[in-house]
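Scroll down for the structure; my scribbles are underneath it.
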Amino acid sequence: MADKNTSKEELDKFLQNVDDIQSIIKGMASGDAKAQQKACKAADEKLGKIRRTPVDNTGVNKTVINQRAFDELARGQKQGPQAAGEMGQEAFMDFIEKDAAERAARKKEQKDEATALKEEGNKAFKAGDFQTAVDFYTQGLEKLKDFKELWTNRAQAYIKLGQYDEALSDCDWAMRCDDKYVKAYIHKGRALVAKKEYDKALETYQEALKVDSKQEKTVNAYIRDLKTAKAVEEEEEKAKERIESGDQEAEGVVELLKRIRQPNKPVIFYTGGLKLLTMFLKDCTEDKHTAQTLFRTCRGFELISDVAVISRCMNAPASLTKEEVDMCESLLKLYREANKSNVVNQKHAISVPRMPEILTNLLHTSQDEDLSDACVAIINELSQNAEGRTTIVNNFDTTRLMQGLLKFMNIGSSRSAANAVGTLNNMAIDKKFLMQFRDSFEESVLPAFENIMKRCAEISLTVVPSCVSMVSNMAVDPVLRRIMSARAQLWEACLQAMDVCLSDQTKYDEVLEPLTGLMVNLTLKPSAVPQEPVIALATISKTHGLLDSPNPTIVQRTAGILSHVLPLSDESIKVCQDSAPSGLFRLLKDPDLQTVKYAMKALAACTKCSDTARKTVIQQDTKIETLRSLLKVEDETLQANSSLCIGHLLNDKALCQSLYGTDMVMELLKHVADHKNSVVQQNCAIALATLAQEDRRHVERLRELHGLGILHDCMKHFN
């Protein structure tokens with residue numbers, strides 16, 4: 001075992017010794033004669049100290065200069081004054097370099113051995129075997145004392161074991177190795193919180209912020225935990241005082257819990273007790289948190305494991321009598337009341353052995369709608385705050401949980417459906433939750449969602465929009481988005497749902513909004529399926545008419561879909577060329593910049609290969625003043641697409657002739673000469689060259705502006 005009583009002074013002395021030797025080596029290697037002389041003097045002083053100092057056997061893993069090297073150097077100095085001055089320095093350098101190499105090799109070997117032991121400790125820690133983790137970390141520290149990560153890793157294991165003083169000592173050692181090591185401050189703060197030394201813990205966290213202000217988000221999260229722990233202690237003290245003061249309600253709760261724990265009573269006996277407790281919690285409106293704390297500290301949540309009848313029924317929900325179902329439902333309603341707006345109770349409830357598994361099994365096997373509804377309500381309450389979502393991610397089998405919740409969405413009119421979809425919407429914003437689905441998402445989630453899309457006309461309109469929003473939120477994860485985008489069955493289901501929505505846009509407006517949002521997300525990055533001619537054509541043919549929707553959100557998202565699909569599919573442009581260009585051009589004047597950017601990109605794609613689209617735009621804007629004005633907007637993407645579209649339109653000779661006498665040449669030339677974005681430069685250069693070719697009068701204007709050389713150089717560069 002590493003000696004935990006080794007003093008701070010000893011470690012500081014060891015680290016200072018290493019710094020001194022490194023400084024000597026650096027000085028001797030310097031090309032500066034004065035620096036070398038100073039280093040030689042320092043080396044002689046160090047040599048004298050080493051000769052006089054006995055070997056220290058404190059257990060600290062010290063690294064010292066090779067004594068034999070100094071002995072040989074001393075023998076060389078005795079050969080004569082001349083040799084001692086000249087040869088002594090060279091010999092010293094040789095021996096120092098040799099010793100440095102030997103020390104570096106030993107250090108590397110020790111670091112490798114200590115790292116291997118650290119990895120073994122980490123495995124044990126992840127497996128929950130914290131004592132074994134401590135043993136491995138200790139062995140690592142015996143190999144290398146100044147390995148700061150080993151100190152903080154062992155501190156974390158000690159915290160798990162409830163050995164907080166040992167954890168504090170390890171954090172102090174880590175700080176001696178590196179006083180800027182933020183993890184040491186954080187885990188020291190955690191140990192102090194566990195010891196209920198909240199003021200000292202807060203000071204430690206504040207020191208961590210001074211050390212590294214970039215860790216503000218992480219440290220502030222621990223400060224919030226500290227405040228929560230302090231508040232919990234205060235609430236528990238209040239609950240204790242109520243009992244000790246003879247408060248009748250508090251004593252009633254304690255007595256009631258004792259009675260419920262009596263064995264071998266009829267089911268109806270337990271049901272009545274659970275309902276009385278629920279009523280008590282509901283009636284405590286003024287001091288509800290204290291009442292909830294009283295329930296927790298009196299082991300109310302442990303009823304599910306302490307009472308044999310309750311435990312049996314909750315673990316086998318598929319084969320219960322009506323009375324047993326009523327008892328289980330009463331228990332869940334009691335837990336829900338105890339958890340309302342109380343994060344501490346929520347976390348404690350889920351920490352009860354097998355509670356996550358029991359709730360998940362209820363979702364899958366219960367045949368009673370009321371019991372299922374009570375179960376979903378508890379999980380929904382848990383998902384409404386960040387701490388609760390973290391609790392779900394860390395304790396539940398999230399794949400089975402999601403499958404169970406999706407089942408309720410297919411029920412349609414079920415009271416559980418709204419809570420189920422609400423829960424999934426809440427969870428879909430948790431990145432860790434999404435990452436857990438990456439391997440099973442296509443098999444466990446998408447088929448259920450596709451079934452909902454195909455049956456959207458049969459399912460409650462209060463459920464479908466939230467369900468679509470949930471999947472759209474999940475598409476934020478890049479891996480899940482690629483899986484969804486590449487799945488033909490999902491596209492077919494979405495297009496089938498789109499047909500239902502288009503049959504009655506007023507009725508299905510609330511579905512169309514998230515559905516178009518999902519399709520925007522799925523088409524965001526090019527993938528195989530959206531580029532398939534059949535799917536691309538179907539997508540454009542079904543959606544482009546929504547540009548005329550009175551709902552601005554649907555209009556924007558439709559423009560987004562067109563902007564993502566049209567540049568990749570010439571056939572799709574033919575489908576919408578008669579009506580879409582007019583709607584897209586109208587959106588170029590929309591006050592929302594994102595809508596304008598979507599419309600401009602889609603219009604640039606249309607005008608590239610459709611003469612009909614080009615004529616439509618020119619008819620609506622004979623001097624293309626709208627497009628020219630977009631060149632002046634400080635957005636490079638918008639400038640790139642507007643200049644691209646202008647280049648397409650300038651293939652019309654009549655338009656080029658009508659632009660003679662305007663500032664068109666100057667506007668384009670300015671971007672060719674000065675713009676920092678090469679795409680904008682290239683698009684403007686092509687547009688300017690096309691303009692000059694279609695009407696030679698513009699060449700003269702270019703000459704007047706000394707632009708021919710600029711245009712020639714630019715085109716040569718891009719070629």
Side-chain angles (χ1 to χ4, degrees), residues 193 196 198 223-261 270-307 310 326-352 355-356 359 370-371 373-392 395 415 418-419 422-423 426:
V193 168
K196 300 185 179 181
Y198 302 115
I223 292 175
R224 285 195 298 272
D225 290 343
L226 180 156
K227 292 178 179 178
T228 299
K230 189 174 181 180
V232 168
E233 184 184 12
E234 291 171 354
E235 289 289 352
E236 290 179 354
E237 282 298 319
K238 282 184 183 179
K240 185 178 178 181
E241 287 173 6
R242 286 187 67 177
I243 296 173
E244 292 176 348
S245 66
D247 182 277
Q248 289 185 354
E249 287 187 339
E251 288 181 344
V253 170
V254 174
E255 182 60 31
L256 193 52
L257 283 168
K258 284 181 181 178
R259 293 187 65 190
I260 293 174
R261 285 191 167 86
Y270 298 112
T271 304
L274 296 172
K275 288 182 176 180
L276 283 173
L277 279 172
T278 304
M279 289 174 59
F280 166 75
L281 290 175
K282 280 185 176 179
D283 292 341
C284 292
T285 54
E286 293 184 5
D287 200 7
K288 195 175 188 70
H289 255 70
T290 302
Q292 291 172 325
T293 303
L294 181 63
F295 178 79
R296 182 184 73 248
T297 55
C298 292
R299 291 180 53 82
F301 287 109
E302 281 71 19
L303 288 173
I304 197 170
S305 55
D306 291 350
V307 182
I310 295 177
D326 191 27
M327 179 186 67
C328 292
E329 183 186 342
S330 298
L331 178 73
L332 293 179
K333 286 182 176 179
L334 170 62
Y335 282 2
R336 186 184 179 193
E337 197 63 41
N339 285 342
K340 275 186 179 177
S341 305
N342 192 316
V343 174
V344 176
N345 275 19
Q346 290 170 6
K347 292 173 70 174
H348 182 84
I350 298 304
S351 70
V352 173
M355 178 65 83
L359 292 175
D370 290 335
L371 183 56
D373 186 51
C375 178
V376 175
I378 282 182
I379 299 171
N380 179 254
E381 180 84 23
L382 194 61
S383 71
Q384 291 177 17
N385 57 78
E387 293 89 345
R389 289 190 288 272
T390 300
T391 299
I392 289 175
N395 293 277
R415 290 175 306 191
N419 274 335
T423 301
N426 293 337

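Index from 1, following the sequence. Computed over heavy atoms, backbone and side chain alike; hydrogens, waters and symmetry mates excluded.
Heavy atoms only, all atoms of each residue included: Ser341 and Gln346 are closest at N-NE2, 4.2 Å. The minimum heavy-atom distance linking Phe280 with Ala291 is given by the pair CE2-CB, 4.1 Å. Heavy-atom minimum distance, Tyr270 versus Met327: CB-SD, 3.9 Å. Closest approach of Asn419 and Asn380 over heavy atoms only: O-ND2, 3.3 Å. Across all non-hydrogen atoms, the minimal contact from Thr423 to Ser383 is CA-OG, 3.7 Å. For the residue pair Leu274 and Ile260, the shortest heavy atom distance occurs at N-CD1, 3.9 Å.
Put simply, SG on Cys375 and CG on Leu332 are 6.0 Å apart, with the number rounded to the nearest 0.5 Å. Rounded to the nearest 0.5 Å, atoms OG1 (Thr271) and CG (Leu276) are 11.0 Å apart. Atom-to-atom distance recorded for Thr290:OG1 and Glu234:CD is 10.5 Å, nearest 0.5 angstrom. Atoms CG and OG1, from Asp283 and Thr278 in turn, are 10.5 Å apart once rounded to the nearest 0.5 Å. Atom OG of Ser351 sits about 7.0 Å away from atom CD of Glu302, to the nearest 0.5 Å. To the nearest 0.5 angstrom, Ile379 atom CD1 is 12.5 Å from Thr391 atom OG1.
Arg242 places a side-chain heavy atom less than 4.5 Å from the side chain of Glu249. At a threshold of 4.5 Å between non-hydrogen side-chain atoms, the residues Leu294 and Ile243 count as touching. In this structure the side chain of Arg296 reaches within 4.5 angstrom of the side chain of Val232, judged on heavy atoms. Within the 4.5 Å cutoff, the side chain of Asp225 has no heavy atoms near those of the Val193 side chain. Using a 4.5 Å heavy-atom threshold, the side chains of Glu235 and Val344 count as separate. Lys238 has its side chain out of reach of Thr293: every pair of non-hydrogen atoms, C-beta onward, lies at least 4.5 Å apart. Val343 is listed as a side-chain neighbour of Asn385, based on a closest heavy-atom distance under 4.5 Å. Looking only at side-chain heavy atoms (C-beta outward), Leu257 and Val253 come within less than 4.5 Å of each other.
Residue-environment remark: CZ (Arg259) stays at or below the threshold of 12 foreign heavy atoms within 6.0 Å.
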Glu337/Lys288 under side chain to side chain contact (heavy atoms under 4.5 Å, CB included): CA gap, chis, key distance, verdict: CA-CA 10 Å; Glu337 197 63 41; Lys288 195 175 188 70; 3.0 Å; yes
Evaluation steps, side chain to side chain contact (heavy atoms under 4.5 Å, CB included), between His348 and Met355: CA-CA 10 Å; His348 182 84; Met355 178 65 83; over 6 Å; no
Gln292 vs Asn342, side chain to side chain donor-acceptor pair (under 3.5 Å): CA-CA, chis, key distance, verdict: CA-CA 8 Å; Gln292 291 172 325; Asn342 192 316; 2.9 Å; yes
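Defined by atom type and a distance below 3.5 Å, a donor-acceptor pair is missing between the side-chain atoms of Asn339 and Glu381.
Between Lys333 and Glu329 a salt bridge is recorded (basic side-chain N to carboxylate O distance below 4.0 Å). A salt bridge does not link Lys240 with Glu233: every distance from a Lys NZ or Arg NE/NH1/NH2 to an Asp or Glu carboxylate oxygen is 4.0 Å or more.
Below 30°, between 30° and 60°, or above 60°: for Tyr335 and Phe295 the angle between ring planes is above 60°, a perpendicular geometry.
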